[in-house]
Amino acid sequence: MQPELREQIEFALDTIRPYLEADGGNVRIVELTDDMVLKLELLGSCGSCPMSTMTLKAGVEEAIKRAIPEITRVEAVNLTVA
């Protein structure tokens with residue numbers, strides 16, 4: 001992943017991190033695939049929260065795609081389905 005792209009992603013994630021951290025969670029970049037799918041690891045309480053799917057789609061993915069429209073999808077690599 002290009003350093004400037006990683007920086008853009010981290011900047012976008014930083015806009016929503018305070019909300020995740022308020023609930024005891026966070027996210028970490030795992031990889032950006034060749035077809036522009038961003039894979040994230042949900043950390044802390046985000047990994048097991050039943051609302052994680054909604055948080056990922058409505059919060060994280062929205063912030064990422066708004067900042068970097070080239071990213072087609074955001075996926076969690078460790079999402080536990082409740």
Side-chain angles (χ1 to χ4, degrees):
M1 178 183 331
Q2 302 163 349
E4 55 279 352
L5 192 54
R6 176 177 280 278
E7 196 174 298
Q8 286 180 294
I9 293 167
E10 287 288 357
F11 184 80
L13 290 174
D14 284 346
T15 65
I16 56 154
R17 274 198 171 107
Y19 305 106
L20 300 174
E21 290 169 347
D23 290 330
N26 208 333
V27 292
R28 181 181 70 82
I29 298 170
V30 175
E31 74 170 311
L32 182 62
T33 66
D34 291 337
D35 55 347
M36 298 303 280
V37 175
L38 179 64
K39 298 195 178 205
L40 300 173
E41 180 181 10
L42 301 177
L43 305 171
S45 61
C46 286
S48 58
C49 173
M51 298 303 286
S52 289
T53 304
M54 193 170 87
T55 299
L56 183 72
K57 288 294 171 195
V60 178
E61 186 172 62
E62 186 64 31
I64 294 291
K65 288 171 113 179
R66 191 170 42 243
I68 310 119
E70 302 87 359
I71 292 180
T72 58
R73 198 167 69 242
V74 177
E75 294 178 357
V77 297
N78 64 326
L79 194 59
T80 306
V81 179

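None of these values were measured; they are calculated from a predicted model.
To the nearest 0.5 Å, atom CD1 of residue Ile64 and atom CG of residue Leu38 are 5.5 Å apart. Taking CD of Glu31 as the start and NZ of Lys39 as the end, the distance is 5.5 Å to the nearest 0.5 Å.
Under the 4.5 Å side-chain heavy-atom criterion for Ile, Leu, Val, Met, Phe, Trp and Tyr, Leu13 and Met36 are members of the same hydrophobic cluster. Placement of Phe11 and Leu32 in two distinct hydrophobic clusters is found when ILVMFWY residues are connected by side-chain heavy-atom separations under 4.5 Å, directly or transitively. Residues Ile9 and Leu43 do not share a hydrophobic cluster, clusters being chains of Ile/Leu/Val/Met/Phe/Trp/Tyr side chains in contact below 4.5 Å.
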Decide yes or no on side-chain contact (heavy atoms from CB on, under 4.5 Å) for Leu40 and Ile29, but give the supporting numbers first. CA-CA 5 Å; Leu40 300 173; Ile29 298 170; 4.0 Å; yes
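The backbone N or O of Leu42 lies less than 3.5 Å from a partner atom in the side chain of Asn78, making a donor-acceptor pair.
Summarising the geometry of Glu21 relative to Asn26, their closest heavy-atom pair is OE2-ND2, 3.3 Å, with the distance given to 0.1 Å. Between Ile16 and Ala63, the shortest heavy-atom contact is CG2-CB, 3.9 Å.
Here Glu7 pairs with nothing under the side chain to side chain contact (heavy atoms under 4.5 Å, CB included) rule; sequence neighbours left out.
Sequence neighbours left out, the pairs with a member in residues 64-73 that pass side chain to side chain donor-acceptor pair (under 3.5 Å) are Arg73-Glu75.
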